[in-house]
Structure formats: C-alpha cells, structure tokens
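Order of the sequence lines sets the chain letters (A, B, ...), proteins ahead of strands, with each chain counted from 1. Computed from a predicted model, the values in this text were never measured in an experiment.
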There are 2 protein chains.
Amino acid sequence: MRMSEGVEWALHSCLNLSWIETGEAMTAARLAAFYDLPAAYLNKQLQALARAGILASTPGPRGGFRLARPLDRITLMDVVTAIEGAEEAFRCEQILRAGPGGGPHVDYRESCVISQTMRRAELTWRRELAGQTLADIRDTVESRFPGTPDSTRAWFART
Amino acid sequence: MRMSEGVEWALHSCLNLSWIETGEAMTAARLAAFYDLPAAYLNKQLQALARAGILASTPGPRGGFRLARPLDRITLMDVVTAIEGAEEAFRCEQILRAGPGGGPHVDYRESCVISQTMRRAELTWRRELAGQTLADIRDTVESRFPGTPDSTRAWFART
DNA sequence: GTCATTGTACTCGGATAAGCGGTGTCCGAGTACCTGGGG
DNA sequence: CCCCAGGTACTCGGACACCGCTTATCCGAGTACAATGAC
C-alpha cells in the first residue's frame, strides 16, 4: 500500500506557487526544474490538481499554472484526493456474500464489522489530513526557515 | 493507493479460526472454501500471518493453521503490517535535497514539514488500527449476530 | 502611425508506451497416518 | 496381540507466470505574441 509520489510533488509545488505569486503563471517545466523532476510527468500531476479546482491552468505563451484559491482553503486531503482519487485504501470486497449466510442483497460494506472498523480507522486519517491546510504548512515552514520564501523567489527569478 | 485485499481475507479468516477453535489445525483450503476464495493465494496470505507470529502453521496430514495467541492480543495493525509490510503509505522521497538549498547530508524525512505532517496524519490512522483488537471485532459481531459462532462451527463441521 | 493578418513559438492536455508490485498458480519438502508383515 | 517398517496421502512453503496500475514520455490543440504589410 503505497501513496503515489506525485502527492509529494504536488504539495511542494503548491507551496512554491504561493511563494512566487506574482499574478503570473508558472510553467510545469520550471516547477519541475526546481527539484529536478521529470517535467512531463509533473505536468500530469498538476493537471490533476487543475481538474480538482486547486490550480488554474492557462495554455499558450505566458501560460502555466496558478493557485486557484488561497492556501488556507486547500487541505492536504484535497491534494491527496486530487492525485490519488477518492477511493478508500481498504475496500470491502464483501466476501461475506459468498459465505454460508451470505445474501446477495445485503450491503456488507455497511453491515460487516470488519469493514466498519477499518473504514472508521481510515476516516480518522482522512480527517487529520482534512484538518491541515497548506497555509498551516507554509506558516510552519516560514517560522522555522524564514529565508525560504525569498530564496525560492530568487531562484525562480534567476532561472 | 489501495490496500491489498489479502488484509480482508486475513481478518475474516482469523475470526473464523477463533470460532472453530478445537485444538485442531484448519487447512488453508477449507478456510478458502468458506468464502470461495482461491485456496493457494489465501495460503500465501496465511503464510505471511504465520511469519508474523499471528498464526502457527503445521505441515502434513492433520496440519494447517491455528491462532498463535488469543484474539485480544492481535490488533488490526498487526494483521495489516503482516500482509502489507511495515512501510508507510506516504514516503518522503526527499525531493528537497535536489532543490536549491538542498544538502546531501540532511534527513528531510525529519526536517521537511510536509513529510512530518503527512506522517503524523498517517500515525493517527495506525494508532487507531493498533487500538482495536480482533477480540473487539469478535465481541461486536457476536453481540450483533449471536448465531455467527455456531453457524460457522456448523459449516466447518459439515464440510 | 495604426491596424489587420499571418506566422511562430510556447503551453497545457490527453493519448500512448515501459516498469513494477500485487495477484494467481504450481510443484517440491516434510510429516502423520495407514497397511502389512514379523515376533 | 503388539511392534515395526514401508508406503501413501496430505499440508505448508516457496518458486514461478500473469495482470493492472503507477510511472514516464510524446505529440497535437489552442493561444498569445511578434513580424509583416496595407491603409
């Protein structure tokens, strides 16, 4: 059970977008160059964020990606869902249905105690992710590493 | 990000093992027949549980699998770890290292705020899983569906 | 000088291949039981 | 009748194919800008 590494890329790229905010769009290629990532593949992930309404994209020259809304309205859950999809990690295949007392019209995702418990546990995780916004992350970073915004801006201005 | 379906099989099989407890071992084939699962593949999952010390296995005639310890000492986390492995879902690839201010000797799994937050969220999930034992599940099932232990025993006695 | 038109370069966007882990299967090592014969 | 040896059937255990998803790449659609020429 492993989460796509695109999630990490997306989170870092959103933070970078917030630090270089100039009203201008930033291309996927430049965002990729910052961490030496494959540009076309990062582009694919950013597309997913755009489809989810987290980023806004504009094609053509002077085009690229921008944040579609402020960081305090983007939760970690939003980003994870955009990249990974909305499906849960534990999926009850309802094997009880094939068992002795199994009926074809029972929804075992609801009635199976194992399914309930696993989903409840996963829900606490999702709630934790939904409770953290990218603004929280940004604030913590700026508090611990105050030079980050400036140096990031400088890097993108230089290249 | 999807969890192996073997986790579901393993959890249900452990409960069944607790209900048919007779001092005798139960073969993977019979456990698989209960839910109409591929026997050889379920066997593979049970092997993982045995390696993790959750089940005890004995080969040969009259062989099979038994619970290695009581259900109240088997947590959901134990089973998930046995099947899925101990690695975390979110793995910080330390892309900050390749960035402008990145140093080769910094452990970004520890210092990166994104990594910290993602891991903390995942930890709440793991803690939830570790706080639930299979005995809790069994008690809830027996409370809601009192006939389950008997009917399960009966099915295995019949076949 | 101003405007329209054409051409060009650049960006996202989705369609298209490679790699890898989960899924599924198979046969061998080892063990308990059964069978047959001897004491 | 009891004991022992050999054979047999059964189980786990790990090695071996298969498949779908993640990873990675490429080219086309569309747009803004620049260059060019007409007015």
**Q** Rounded to the nearest Å, what distance is computed from the CG atom of residue B:Leu55 to the C1' atom of nucleotide D:dT11?
**A** 15 Å
**Q** In whole Å, I'd like the distance from the CD atom of B:Glu84 to the P atom of C:dG21.
**A** 14 Å
**Q** What is the distance from CE of A:Met3 to C1' of D:dC21, rounded to the nearest Å?
**A** 16 Å
**Q** Return the nearest nucleotide to the side chain of B:Ser4; candidates are D:dT23, C:dT23, D:dC12.
**A** C:dT23
**Q** Compare the minimum distances between each of D:dG13, C:dT11, C:dG24 and the side chain of B:Glu5, then state the nucleotide with the smallest one.
**A** C:dG24
**Q** Just checking B:Ala28: base, sugar-phosphate only, or nothing, at a heavy-atom cut-off of under 4.0 Å?
**A** sugar-phosphate
**Q** Choose from C:dC10, D:dA24, D:dG13 the nucleotide whose nearest atom is closest to any side-chain atom of B:Asn43.
**A** D:dG13
**Q** I need the CD1-P distance between A:Ile95 and C:dT23, as an integer number of Å.
**A** 13 Å
**Q** Where each residue is assigned the nucleotide of DNA chain C containing its nearest heavy atom, which of A:Ala40 and B:Pro38 is assigned the position nearer the 5′ end?
**A** A:Ala40
**Q** Give the rounded distance in Å between these two atoms: CG of A:Leu37 and P of D:dA24.
**A** 9 Å
**Q** Counting distance only, does the side-chain N/O of B:Gln116 pair as donor-acceptor with the main-chain N or O of B:Glu110 below 3.5 Å?
**A** yes
**Q** Looking at C:dG24, C:dA15, C:dA32, which one has an atom nearest to any side-chain atom of A:Lys44?
**A** C:dA15
**Q** Grab the CD-P distance between A:Glu8 and D:dT22 for me, whole Å please.
**A** 17 Å
**Q** Considering heavy-atom distances to DNA chain D, does B:Ala50 or A:Arg2 have its closest nucleotide positioned more toward the 5' end?
**A** B:Ala50
**Q** Given C:dC12, D:dC12, C:dG30, which nucleotide is nearest the side-chain atoms of B:Ser57?
**A** D:dC12
**Q** On DNA chain D, nearest-nucleotide positions of A:Leu42 versus A:Gly60: which is more 5'?
**A** A:Leu42
**Q** Measure from CD on A:Glu24 to C1' on D:dC33 and round the result to the nearest Å.
**A** 14 Å
**Q** Do B:Arg69 and B:Asp78 sit within salt-bridge range, that is, some charged N less than 4.0 Å from a carboxylate O?
**A** yes
**Q** In whole Å, I'd like the distance from the CD atom of A:Gln45 to the C1' atom of C:dG14.
**A** 14 Å
**Q** Just checking, any donor-acceptor pair under 3.5 angstrom between side chains of B:Trp125 and A:Glu128?
**A** no
**Q** Does A:Thr58 put a side-chain nitrogen or oxygen below 4.0 Å from OP1 or OP2 of C:dC12?
**A** no
**Q** Between D:dA24, C:dG30, D:dG30, which nucleotide has the shortest distance from any of its atoms to the side chain of A:Tyr41?
**A** D:dA24
**Q** With respect to the phosphate group of C:dG14, does any side-chain polar atom (N or O) of A:Arg51 fall under 4.0 Å of OP1 or OP2?
**A** yes
**Q** Is a salt bridge present between B:Arg119 and B:Glu88, judged by a nitrogen-to-oxygen distance below 4.0 Å?
**A** yes
**Q** Under 4.0 Å between a Lys/Arg side-chain N and an Asp/Glu carboxylate O for A:Glu5 and B:Arg91?
**A** no
